[in-house]
Structure formats: C-alpha cells, structure tokens
Amino acid sequence: AARADRQELPPRLLAARAAYVLHGNDTGSLVTAAPRLYPHMWSWDAAFISVGLAHLDIGRAVAELDTLLAAQWRGGMLPHIVFTEGGADDYFPGPQRWGAHELSPDAPQGVRTSGICQPPAHAIAVGRLLEIARRGGALDRATAEDFVRRSWPKLHAWHRWLAEHRDPGGDGLLAVVHGWESGMDNSPRWDSAYAGVHPGADLPPYVRRDLRLVADAGMRPSDEEYDRYLWLVEEMRRVGYDPDRVVATSSFLVGDVFLTAIFAMACDVLAELGQEFGQPAARIAELEGWAARARSAVAATVDPATGLARDRDFRAGTWSGTRTMAGFAPLLCGGLDRTAERALLSTLDGPEWCGNPGMAAGLVPSTSPADEAFRPRQYWRGPQWPVMGWLFGWSFARRGWAERAERHRAEGLRLCSDGAFAEYYHPLTGEPLGSLDQSWTAAVVLDWLC
Ligand code: 2M8
C-alpha cells in the first residue's frame with residue numbers, strides 16, 4: 001500500500017498539474033525532457049511526450065515529433081538528443097563533446113544532435129496520437145492524418161536504419177553501442193559489458209553537470225560509469241560516427257532485448273498505419289518482416305532456467321544474467337508459446353516483481369527487489385519508472401489483456417498521485433526520485449487520466 005504520509009491529488013488536479021508541467025517545459029519548438037537536469041529533447045522522451053501533448057493540443061503534439069524528425073540523420077537514424085538553440089553548456093555531454101556535426105557528413109543541417117540513437121518508440125506514439133485525435137473534431141483528425149502521411153516515410157527510414165545497421169548477429173536482435181542507446185543507462189543489464197570497456201589514458205577530461213542537479217548524487221551513475229560512457233563516445237568520434245565502423249569498433253556491442261521488443265511493436269504499428277494510409281506494399285512487407293524477425297529474436301533470448309529474456313553481449317559472446325524489467329520483453333511484443341508466456345506472466349505477478357508485498361505500487365521495478373543488483377534509489381537499478389509502466393500497459397492492451405492494462409494504469413496513477421511527476425520512484429516507499437517535473441512522467445499521467 002502507498003505510504004500514509006504521501007499526498008494524493010484528485011484526478012482533475014493531477015491532470016491540470018501534468019498539463020502545467022508540459023507547458024512549463026515547453027521552449028516553443030520542443031518540450032525539454034526535464035527542467036534542469038535534461039534541458040534538451042531526447043528521442044524516446046519526445047515520443048511519450050507527444051502522447052501527453054495530444055490530449056492538450058494535437059498541433060503541438062505533431063510539432064514535437066516534427067522537431068525530432070527534422071533532426072533525422074541522412075541514413076535514417078533519429079538521434080538520441082536534439083540540442084536546444086544556444087543551450088550548449090547546460091548539459092554534459094553537449095554538442096561540442098559529441099562533435100557529430102564536425103565529424104559526420106550524415107548529421108542534419110541546421111540543428112545540433114548527439115551521435116547515437118534511442119529505442120524506436122515513435123511509431124507507437126504516432127499511432128496513439130492518431131487515436132486521440134480521432135476522438136476530437138475534424139481539424140484534429142485532419143492534422144493527425146496529414147502528419148501520419150508526412151512522417152511515415154521518415155519513420156520507415158528510421159526502422160530500416162536499425163534493421164540494416166544494428167543487427168550484427170543477422171537474426172533480428174538489435175544491438176546498442178552505448179548504454180545510453182537503451183535508455184536504461186546504468187541498468188545492471190550492462191554491467192558485464194561495461195566491465196569490458198577500458199577508458200584510454202587519452203580520454204579528454206570533462207566535468208559532469210548531473211550530480212549538481214539531483215538531491216542525492218547516489219541516485220545517479222558513478223564516476224567510473226561516466227568514464228566508460230565518455231570513452232565510448234570517444235571511440236565513435238574516432239570513426240566519424242560511420243554506422244558500420246561504429247558497430248565494428250565499439251568496445252560495447254550488446255543485443256538489447258527490450259529495444260528489440262519495442263522495435264517489433266513499432267514495426268507492427270507502422271505497417272498497420274501504412275495499410276490504412278496507402279503506403280507502398282513493398283515497404284509495408286519490409287516492416288512486417290522486421291517485426292517477425294525481431295519477435296522471434298526476442299523469444300530466442302529466453303533463459304530456460306528463469307523464463308526471462310536476456311541481452312546478448314556480442315563482444316564477449318555471453319548472455320546477461322540479471323533480473324531486470326527487460327526480462328519481460330516477450331510479454332510486450334509476443335512470440336512465446338502459451339506455456340512459456342503463462343509462466344512469465346506469473347513471474348511478473350509474483351513476489352519478486354509486481355506482487356512484491358513491500359512495494360508501494362504494483363508497477364514493474366527496473367530491477368527485481370530479489371536481485372543482488374537491486375538499488376531502490378539508484379536510477380535504472382531498482383526504481384519504478386512511470387513511463388515504463390505506461391509502455392507495459394499500452395503493450396498489454398494491444399495484446400488483448402485489458403485487465404492487466406487497466407491494472408498498470410491504476411498502479412501508475414497511484415504512484416504518480418503525489419503530483420511530483422518524478423523521473424523515477426522508490427519502489428518500496430513511493431518516494432519521488434531523480435528529476436521532478438519530468439516531462440514524460442507528466443505525459444503518461446495525462447494519457448492515463450484522459
Ligand atoms: C536518461 O539518460 C540521459 C542520457 O541519455 C542522462 O542520464 O543524461 C535516461 O533515463 C534516458 O532513458 C532518458 O531518455 C533521458 C532523458 O529523460 O535521461
């Protein structure tokens with residue numbers, strides 16, 4: 001049960017506060033991921049944020065995704081950060097440190113970005129945005145439908161880039177070249193792969209900014225982790241962000257099972273939108289093929305001993321063994337046989353996960369409280385992330401599990417009813433952690449409420 005000393009805002013007030021947060025973080029052309037810690041646009045944040053914006057103003061929601069798409073790289077990659085004008089020194093690593101535009105001919109003109117990507121949740125957001133718009137008037141519908149037509153080829157190119165450049169095993173399991181690409185930066189999923197990353201003596205010096213912006217530095221990754229994060233950037237700089245040379249040379253190359261599940265779902269949504277909006281049959285067939293490959297690749301990672309899906313370290317040739325939320329990837333995208341799926345669902349409901357009697361709300365924690373890597377206050381090592389709760393709920397609804405989807409919504413709202421819109425929450429106490437007024441948290445709360 002939620003802690004007695006937590007305030008609980010009534011739904012209407014909570015929705016008003018969520019709208020106020022999105023408005024407050026809006027620079028005009030983009031909604032920053034958070035007011036101080038993340039003063040720029042992040043790729044997958046923008047996807048979730050656009051779903052929240054759709055409840056307030058369809059045109060503004062479309063503009064958010066247009067801003068991201070305008071930063072698409074020549075080969076199709078959507079960059080993980082789009083930097084706000086002028087805001088070079090308020091986040092580290094900023095555009096200078098990435099040097100993407102100086103080093104790569106593929107970087108977009110007129111806007112500065114990082115040189116890596118993030119999970120492809122965008123088509124999922126576009127599908128949801130269209131649903132929301134269709135509940136509104138003719139103008140909303142027309143705006144959203146026009147956007148689907150305009151954005152479809154760009155999203156297809158993004159998916160093609162992933163399928164062509166990030167499938168080093170050739171079986172559909174998509175790889176990340178940096179933990180930041182997974183969006184779950186310091187998850188124990190990556191610990192063993194990061195142990196193989198050895199920062200060179202020539203790693204240029206740097207000063208972190210993030211530690212000054214959270215109440216407790218222990219909520220953020222360690223300095224040793226940051227050295228490795230920056231060393232990987234250095235490696236990519238040295239090959240000019242050429243996508244294939246990056247995959248060939250990066251000392252971190254891990255098949256990310258959660259990103260792959262998101263890709264499978266996003267390909268399905270994009271294929272469906274393509275059918276509806278008369279896009280070329282050959283391209284729709286490509287999407288269906290990528291979805292099928294991704295789905296079976298996700299299922300193939302399952303550990304026979306635990307039933308959980310695993311990441312694959314391509315450099316070391318090993319599977320990851322920790323119990324993180326990524327283990328449930330096959331429940332999101334499907335692909336398991338009935339028996340395996342039932343077993344995984346009961347693991348999800350059991351005491352090591354959502355059914356843990358000590359938890360304040362029954363949302364999937366980033367790491368199982370039963371795992372030795374569990375750190376309840378530290379970022380992706382234990383806290384619950386409302387935005388991930390939304391993704392689980394959305395996927396479950398799509399899979400036809402309405403009751404489970406509704407439970408995620410109710411538990412997510414319970415966690416967020418304090419109105420802090422925290423980046424993440426302590427799973428045992430419900431304490432808000434990380435950044436407050438985090439945009440994607442406000443966005444998913446709005447979608448849950450409206
Ligand atoms: C976090 O990641 C950034 C680096 O990309 C950071 O720690 O500076 C992650 O939670 C990531 O998933 C998220 O997109 C980003 C902005 O919310 O913050």
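In each ligand, atom 1 is the first atom listed, and ligand 1 is the first ligand listed. Since the model is a prediction, treat every value here as computed from it, not as a measurement.
- Of the candidates Trp190, Phe92, Tyr206, Trp180, Trp180 is the only one forming a ring-ring contact (aromatic ring centres under 6.0 Å, His included) with Tyr229.
- Residues in residues 26-47 take part in these salt bridge (Lys or Arg N to Asp or Glu O under 4.0 Å) pairs, two or more places apart or across chains: Asp26-Arg60.
- Evaluation of the salt bridge (Lys or Arg N to Asp or Glu O under 4.0 Å) test over residues 242-269, restricted to residues two or more places apart or in two chains, returns Arg189-Asp256, Asp268-Arg295.
- A ring-ring contact (aromatic ring centres under 6.0 Å, His included) with Trp42 is found for exactly one of Phe83, Phe48, Tyr91, namely Tyr91.
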Output block, N or O contacts of ligand 1, threshold 3.5 Å exclusive:
unit_1: ligand 1; atom_1: 2 (O); unit_2: Asp185; atom_2: OD2; d: 2.8
unit_1: ligand 1; atom_1: 2 (O); unit_2: Tyr379; atom_2: OH; d: 3.3
unit_1: ligand 1; atom_1: 5 (O); unit_2: Trp42; atom_2: NE1; d: 2.9
unit_1: ligand 1; atom_1: 5 (O); unit_2: His80; atom_2: NE2; d: 2.9
unit_1: ligand 1; atom_1: 7 (O); unit_2: Asp185; atom_2: OD2; d: 3.1
unit_1: ligand 1; atom_1: 7 (O); unit_2: Arg220; atom_2: NH2; d: 2.9
unit_1: ligand 1; atom_1: 7 (O); unit_2: Tyr379; atom_2: OH; d: 2.5
unit_1: ligand 1; atom_1: 8 (O); unit_2: Tyr91; atom_2: OH; d: 2.4
unit_1: ligand 1; atom_1: 10 (O); unit_2: Trp380; atom_2: NE1; d: 3.1
unit_1: ligand 1; atom_1: 12 (O); unit_2: Trp44; atom_2: NE1; d: 3.1
unit_1: ligand 1; atom_1: 12 (O); unit_2: Gly183; atom_2: O; d: 2.6
unit_1: ligand 1; atom_1: 14 (O); unit_2: Trp44; atom_2: NE1; d: 3.1
unit_1: ligand 1; atom_1: 14 (O); unit_2: Asp45; atom_2: OD1; d: 2.5
unit_1: ligand 1; atom_1: 14 (O); unit_2: Gln118; atom_2: NE2; d: 3.0
unit_1: ligand 1; atom_1: 17 (O); unit_2: Asp45; atom_2: OD2; d: 2.6
unit_1: ligand 1; atom_1: 17 (O); unit_2: Gln438; atom_2: NE2; d: 3.0
unit_1: ligand 1; atom_1: 18 (O); unit_2: Tyr38; atom_2: OH; d: 3.4

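- For the pair Arg414 and Glu411, the salt-bridge criterion is met [side-chain N within less than 4.0 Å of a carboxylate O].
- A side chain to side chain donor-acceptor pair (under 3.5 Å) check over residues 359-376, counting only residues at least two apart or in different chains, returns the pairs Arg323-Asp371.
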